[in-house]
Amino acid sequence: MKTSLNWIPVLAAGLGAAWLVGCASTPQESGRIRTEPFGSADGQAVTLYTLRNSKGAEARICNYGGIVVSLKVPDKNGTIGDVVLGYDKLEDYVKVTPYFGCLVGRYGNRIARGQFTLNGVTCTLATNNYPNALHGGAKGFDKRVWQAKAYDSPAGPQLVLRYVSKDGEEGYPGTLFVKAAYTLTEDNGLRLDYAATTDKDTVLNLTHHSYFNLAGKGDILGHEVMLPAGRFTPVDATLIPTGELKPVAGTPFDFTRPTAIGARINQEDEQLKFGGGYDHNWVFTKRIGDLTLLARVTEPTTGRVLEVWSTEPGLQFYTGNFLDGTITGKGGWVYQHRNAFCLEPQHFPDSPNQPNFPSVVLKPGQTYRNTIIYRFAVK
Ligand code: BGC
């Protein structure tokens, strides 16, 4: 076993059988996981975990918000580079963040006017993206300190995060037990497996919010995107779906063939105007729960390719339209308009208010599961 002063072996202390059993890891020591203090939030110590595979890929993740602080993968020349936006320090994430790299919950994306009715009871949420609720409210899962344990699993170094969300937290009913397991796989995938249970009927829509730039600099307009989806959910001016599942054919939303992000983003189009660019949910024809390809993105200058796989039926493709040069991130990079994109596998926005969208209701006795894989290759 390779160890050094920096690469502290992590002793996994058992499988945490208390709830959500199912972690396939073998507790053992590992040279593939390093831990270091990363400051504190809410009076609790936060740890930064560095996961490495044998291909030189590296993911640094902290247990505040489950934030992926950096993600380093090779380009076509074998040069390793960071492909996500974020900060060097925890205190910056705590101060202000447009959801850099985090776990998102309880409800990823928007709920109209911060209200929904479940079993005849109206639930009221913070309208933190006025007039709507966004990404779990004022203090969503992205701003919580999660319990963490690292494992050297057969699939790769793994960080298992757990959080218990109290009944009524941010207006959502039911005590929710959430587990989020990140695994850095040998094929340069960052895999996220969610599982959750509740003690009362509730709604749930978890996702992940890394801001990617496969070149590690500049804007993302030259990245080529392929989304194998025939429809998307058009929105109103506040980015709430109208309920329609609109064919992408003949619109700037058709990414069924690889197309540069910048090719049509500034076209005269009401939907692009509402989003300030792409900020929409694509609809996949599939059996929910089947792990399928939702996106492939290629960056021509570095040859980096990102594939997104998920069990979810929708994908929010957001082109960093709200980045405006007011945030300075890692290494002094001032994040300008469209310097990154997000690919967020999810159920559709505002589903609790949209009877024709797939249900997001979770009941006691059921286990919510959602797998998201960001896999990197070169071309
Ligand atoms: C949303 C955007 C939002 C961004 C950051 C994305 O998931 O679709 O509208 O600005 O998250 O909050």
Side-chain angles (χ1 to χ4, degrees), residues 65-68 84-87 92-114 125-143 170 192 204-213 220 225 227 229 232-242 253 255 261 265 270-283 294-295 297 308 310 312-327 329 335-351 354 357 360 370 372 374:
I67 293 171
V68 176
V84 296
L85 272 53
Y87 295 115
D92 292 332
Y93 285 104
V94 174
K95 247 184 260 160
V96 60
T97 173
Y99 300 91
F100 284 143
C102 60
L103 303 174
V104 182
R106 292 191 188 190
Y107 200 92
N109 213 279
R110 293 174 177 80
I111 294 181
R113 294 169 300 283
L125 315 169
T127 48
N128 59 323
N129 186 248
Y130 192 79
N132 304 314
L134 177 69
H135 293 334
K139 190 164 177 173
F141 291 177
D142 59 298
K143 296 177 183 67
E170 287 293 333
L192 172 58
L204 189 62
N205 189 30
L206 304 175
T207 188
H208 174 83
H209 212 290
S210 273
Y211 281 71
F212 295 100
N213 183 317
I220 42 80
V225 171
L227 307 174
F232 74 110
T233 50
V235 290
D236 68 14
T238 74
L239 300 182
I240 294 295
T242 60
F253 291 79
F255 282 94
I261 293 176
I265 199 167
E270 186 180 57
Q271 285 301 310
L272 286 174
K273 207 167 286 169
F274 286 160
Y278 297 105
D279 192 355
H280 295 77
N281 170 68
W282 270 254
V283 174
L294 301 192
V297 184
V308 181
S310 177
E312 289 295 289
L315 180 74
Q316 189 79 12
F317 172 41
Y318 167 60
T319 46
N321 312 313
F322 296 112
L323 296 175
D324 59 2
T326 53
I327 288 178
Y335 296 139
Q336 305 287 359
H337 194 218
R338 299 181 181 155
N339 275 188
F341 62 89
C342 302
L343 290 166
E344 307 153 59
Q346 60 181 9
H347 272 56
F348 309 165
D350 197 35
S351 294
Q354 305 264 357
F357 288 178
V360 290
N370 165 2
I372 296 171
Y374 298 101

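Quick caveat, the model's predicted, so the values are computed rather than measured. When a ligand or atom number is given, it counts from 1 through the structure's own listing order.
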Give every pair made of an N or O atom of ligand 1 and a protein N or O atom lying under 3.5 Å apart, one pair per line with both atom names and the distance to 0.1 Å, or write 'none'.
unit_1: ligand 1; atom_1: 7 (O); unit_2: His135; atom_2: NE2; d: 3.0
unit_1: ligand 1; atom_1: 7 (O); unit_2: His209; atom_2: NE2; d: 3.1
unit_1: ligand 1; atom_1: 7 (O); unit_2: Glu344; atom_2: OE1; d: 2.6
unit_1: ligand 1; atom_1: 7 (O); unit_2: Glu344; atom_2: OE2; d: 3.0
unit_1: ligand 1; atom_1: 8 (O); unit_2: Asn109; atom_2: ND2; d: 3.3
unit_1: ligand 1; atom_1: 8 (O); unit_2: Asp279; atom_2: OD1; d: 2.5
unit_1: ligand 1; atom_1: 8 (O); unit_2: Gln316; atom_2: NE2; d: 3.3
unit_1: ligand 1; atom_1: 9 (O); unit_2: Arg110; atom_2: NH1; d: 3.2
unit_1: ligand 1; atom_1: 9 (O); unit_2: Arg110; atom_2: NH2; d: 2.7
unit_1: ligand 1; atom_1: 9 (O); unit_2: Asp279; atom_2: OD1; d: 3.4
unit_1: ligand 1; atom_1: 9 (O); unit_2: Asp279; atom_2: OD2; d: 2.4
unit_1: ligand 1; atom_1: 11 (O); unit_2: His135; atom_2: NE2; d: 3.0
unit_1: ligand 1; atom_1: 11 (O); unit_2: His209; atom_2: NE2; d: 2.8

Exercise for the section: Fit a plane to each ring of Trp282 and Phe253, take the angle between them on a 0 to 90° scale, and name the class: parallel (under 30°), tilted (30 to 60°) or perpendicular (over 60°). Expected result: tilted
Practice task
Name all residues meeting the ring pair (Phe, Tyr, Trp, His ring centres under 6.0 Å) criterion together with Tyr87; count only those two or more places apart in sequence or in a different chain, and write none if there are none.
Solution key: Tyr93, Phe100
Exercise for the section: Take the angle between the ring planes of Tyr318 and Tyr211 and call it parallel below 30°, perpendicular above 60°, tilted in between. Expected result: perpendicular
Exercise for the section: Return yes if some donor-acceptor pair links the side-chain N/O of Glu312 with the main-chain N/O of His347 below 3.5 Å, else return no. Expected result: yes
Exercise for the section: Assess the pair Phe341 and Tyr278: is the distance between their ring centroids shorter than 6.0 Å? Expected result: no
Practice task
Taking Asp350 for its side chain and Pro241 for its backbone only, find out whether a donor-acceptor pair lies under 3.5 Å.
Solution key: no
